[in-house]
Amino acid sequence: MEGKRIAPWIYTGLSFILATGIGLLFLQPPAGTLNTTLTVAKVIAFLVMAGNTAYGTLYTWPALQFSVGSEAKGLWKGYVFRAYVTFACGVTAIVIAAFQRSL
């Protein structure tokens with residue numbers, strides 16, 4: 001039940017991040033090789049975040065609802081690992097954005 005309530009907010013937030021990023025690319029395209037490389041790195045971080053979130057919502061979370069014992073423990077470990085990867089990608093994107101801003 002919790003996943004059904006939070007999922008729309010997660011995907012709404014991801015959609016706004018994507019729309020903002022695309023809009024900013026049109027308003028101020030990256031100038032130079034370093035800025036282009038950093039922008040590509042942010043896009044990759046975003047894609048990993050979106051992919052992990054979608055996989056968790058569509059596969060792992062429903063599977064966890066009906067799993068028992070060691071199967072549940074294995075699914076939970078994978079779910080938490082992907083959450084850490086998603087968090088690390090988010091922090092990486094923020095650090096890259098701050099660095100780009102200082103250029």
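For reference, positions follow the sequence shown, starting with 1.
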- Task: Look at the side-chain heavy atoms of Ile, Leu, Val, Met, Phe, Trp and Tyr, link any pair under 4.5 Å apart, and say whether Phe46 and Phe26 land in one connected group.
- Result: yes
What about Val91 and Ile96, same hydrophobic cluster or not, with Ile/Leu/Val/Met/Phe/Trp/Tyr joined at side-chain heavy-atom distances under 4.5 Å?
-> no
Taken to the nearest 0.5 Å, the spacing of Lys42 NZ from Ile94 CD1 works out to 10.5 Å
Heavy-atom closest pair (Thr57 atom, Trp61 atom, distance to 0.1 Å) is O-CB, 4.3 Å
What verdict does the side-chain hydrogen bond (donor to acceptor under 3.5 Å, both in side chains) test give for Tyr11 and Thr53, after you've listed the backbone C-alpha separation in whole Å, the side-chain angles of each residue and the deciding distance to 0.1 Å?
CA-CA 9 Å; Tyr11 289 111; Thr53 303; over 6 Å; no
- request: Determine whether Phe81 and Thr86 make a side-chain contact, defined as any pair of heavy atoms from C-beta on separated by less than 4.5 Å.
  value: no
Correct closest heavy-atom pair for Cys89 and Met49 would be CB-CG, 3.6 Å
Between the CD1 atom in Ile22 and the CD1 atom in Ile17, the distance rounded to the nearest 0.5 Å is 12.0 Å
Practice problem: Give the cluster check for Leu38 versus Ile44: same hydrophobic cluster or not, with ILVMFWY residues linked at side-chain heavy-atom distances below 4.5 Å. | Solution: no
For Gly56 and Pro62 the tightest heavy-atom approach is O-CD, 4.0 Å
Q. Quick one: are Leu75 and Glu71 in side-chain contact, heavy atoms under 4.5 Å?
A. yes
Between Gly32 and Thr36 the two heavy atoms that sit nearest each other are O-OG1, 2.8 Å
Of all heavy-atom pairs linking Pro30 and Thr39, the shortest is CB-OG1, 3.8 Å
Rounding to 0.5 Å, atoms CG (Asn35) and CZ (Phe99) come to a distance of 9.0 Å
Check for me, please, whether Phe66 and Leu58 land in the same ILVMFWY cluster - side-chain distances under 4.5 Å, paths through other members count.
no
| task | Give a yes or no on whether Phe87 atom CZ has more than 12 heavy-atom contacts from other residues, nucleotides or ligands under 6.0 Å away. | result | no
Under a 4.5 Å side-chain heavy-atom rule over Ile, Leu, Val, Met, Phe, Trp and Tyr, are Val40 and Val43 clustered together? no
